[in-house]
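Starting from 1, each residue takes its place in the sequence as its number.
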Amino acid sequence: MSRVLILNENPLERENMREILSKGLPKPEVAAASSTRQALELLGEGGTALFIVDVPWFDLEYCDMIASAKELAPDVPILVTSTGKRGDVVANVWRLGVQDYLLKPYRPTWLVAAAEVMMQWNAKPAVEWEKEHRERFLKQAGEYMQAFRYKKCINTTKDYLDSLYKETDDIDVIRLSVVSFAEGLSRLGSALGASAQLKLSPVLERFRLRFDQQGRKHDVFLVLEKMWGIIFDAIDEDRCYAVSDEQRVLNYVDRNVKEGIGLDEAAEYANMSSSYFSKFFKRITGTNFITYMMDGKISAAKDMLTDTDMPVINIAYELSYSETNYFGKAFKKKVGLTPTEYREQHQHIRGPALAEGAASR
């Protein structure tokens with residue numbers, strides 16, 4: 001038996017949730033409890049794949065019940081629904097170790113989507129091999145974050161995605177893995193304080209519900225890149241962190257490669273004259289600013305040519321090139337191939353599971 005267990009003390013809402021999940025899930029077996037005591041008794045019977053708890057407010061009774069549920073069935077994921085304020089819900093959800101939450105009112109499809117994703121955690125023992133792999137990358141990323149090295153964090157994230165998408169084309173494994181990686185980034189960001197966590201939580205929440213993003217590597221990367229941006233915003237805003245001037249400037253430049261910032265803008269950020277900044281940048285990177293920016297743009301272009309079907313002209317605009325011809329010439333000079341030739345030689349063929357999974361949503 002593998003069922004969804006609902007705890008909702010409001011009889012109308014309880015029946016509505018039961019109906020939504022019974023119709024929306026492929027093999028539904030939905031049990032409902034009207035009290036915390038009844039919910040814990042049902043949970044203790046075993047066979048629960050997901051526990052959905054409606055929490056009107058996080059009082060002692062509900063907090064104790066969730067703690068008891070986690071102790072009684074530690075492998076069962078918990079989804080909280082609540083009418084509370086986001087800040088209060090997020091703070092209590094993370095404190096109690098709840099995996100996900102939905103703020104009311106929510107669309108029925110959101111509830112079904114969240115349930116589907118969370119039930120996969122128990123339904124796929126085959127993904128255990130990936131969990132250790134993912135945790136190694138998250139540990140490495142965490143170490144780079146503590147050293148305030150933005151580019152290393154981004155490259156570690158890219159390396160993880162490359163390894164995952166090469167290892168499997170099982171869309172369910174990929175979805176589970178990339179959402180879990182995003183949750184890992186959110187946990188890293190939580191160490192920076194409540195403000196960062198409040199900004200990370202809605203990004204993570206939307207990502208969990210966006211099945212169309214989870215199958216495509218570039219879409220996943222953009223979400224994770226956004227999360228890293230929030231994390232490094234928090235670091236940059238809090239001057240308590242001992243980030244060296246050199247690393248702070250490098251982080252700023254690396255985060256703005258696609259936007260095409262110029263030497264004067266970077267020098268202004270560093271509070272230096274353009275001529276002094278040029279020498280300063282060459283000293284800390286070993287290359288001049290223009291070349292560094294060009295290399296960063298070409299690297300981003302390679303990723304987009306390889307992992308997306310985006311037209312070359314759109315890629316040029318994404319990288320702040322006003323003229324496609326100039327982008328093409330710069331790319332060929334650096335790579336030895338035109339963007340189109342590079343795409344033809346390097347673009348990965350999407351596996352049937354990925355294409356099928358994306359189309360089915």
Note to self: Please find the pair of heavy atoms, one from C63 and one from L96, that lie closest to each other, and give the distance.
What the structure shows: O-CD2, 4.0 Å
Notebook entry, point to check: Restricting to pairs with a member in residues 296-317, which pass ring pair (Phe, Tyr, Trp, His ring centres under 6.0 Å), not counting sequence neighbours?
Noted result: none
Checklist line | Shared hydrophobic cluster for L103 and L198 (ILVMFWY, side-chain gaps under 4.5 Å) | finding: yes
Item checked: N-O pairing of R216 and D309 below 4.0 Å -> no
Next item on the list: Would you check if the side chain of T83 reaches a backbone N or O of K104 as a donor-acceptor pair within less than 3.5 Å?
Entry: no
Item checked: Pair F137 and F181, ring centroids less than 6.0 Å apart -> no
Check: How about Q197 and S186: does a side-chain donor come under 3.5 Å of a side-chain acceptor?
Finding: yes
Check: Rounded to the nearest 0.5 Å, how far apart are CE of M294 and NZ of K334?
Finding: 8.5 Å
Check: Restricting to pairs with a member in residues 293-314, which pass ring pair (Phe, Tyr, Trp, His ring centres under 6.0 Å), not counting sequence neighbours?
Finding: none
Next item on the list: State yes or no: do V257 and Y144 share one hydrophobic cluster built from I, L, V, M, F, W and Y residues joined by side-chain heavy-atom distances below 4.5 Å, directly or via other members?
Entry: no
Margin query: Going by side chain to side chain donor-acceptor pair (under 3.5 Å), R208 matches just one of E116, Q214, E183. Which one?
Written below: E183
Note to self: Looking at every non-hydrogen atom in both residues, tell me the closest pair between V335 and K302 and how far apart they are.
What the structure shows: CG2-CE, 3.8 Å
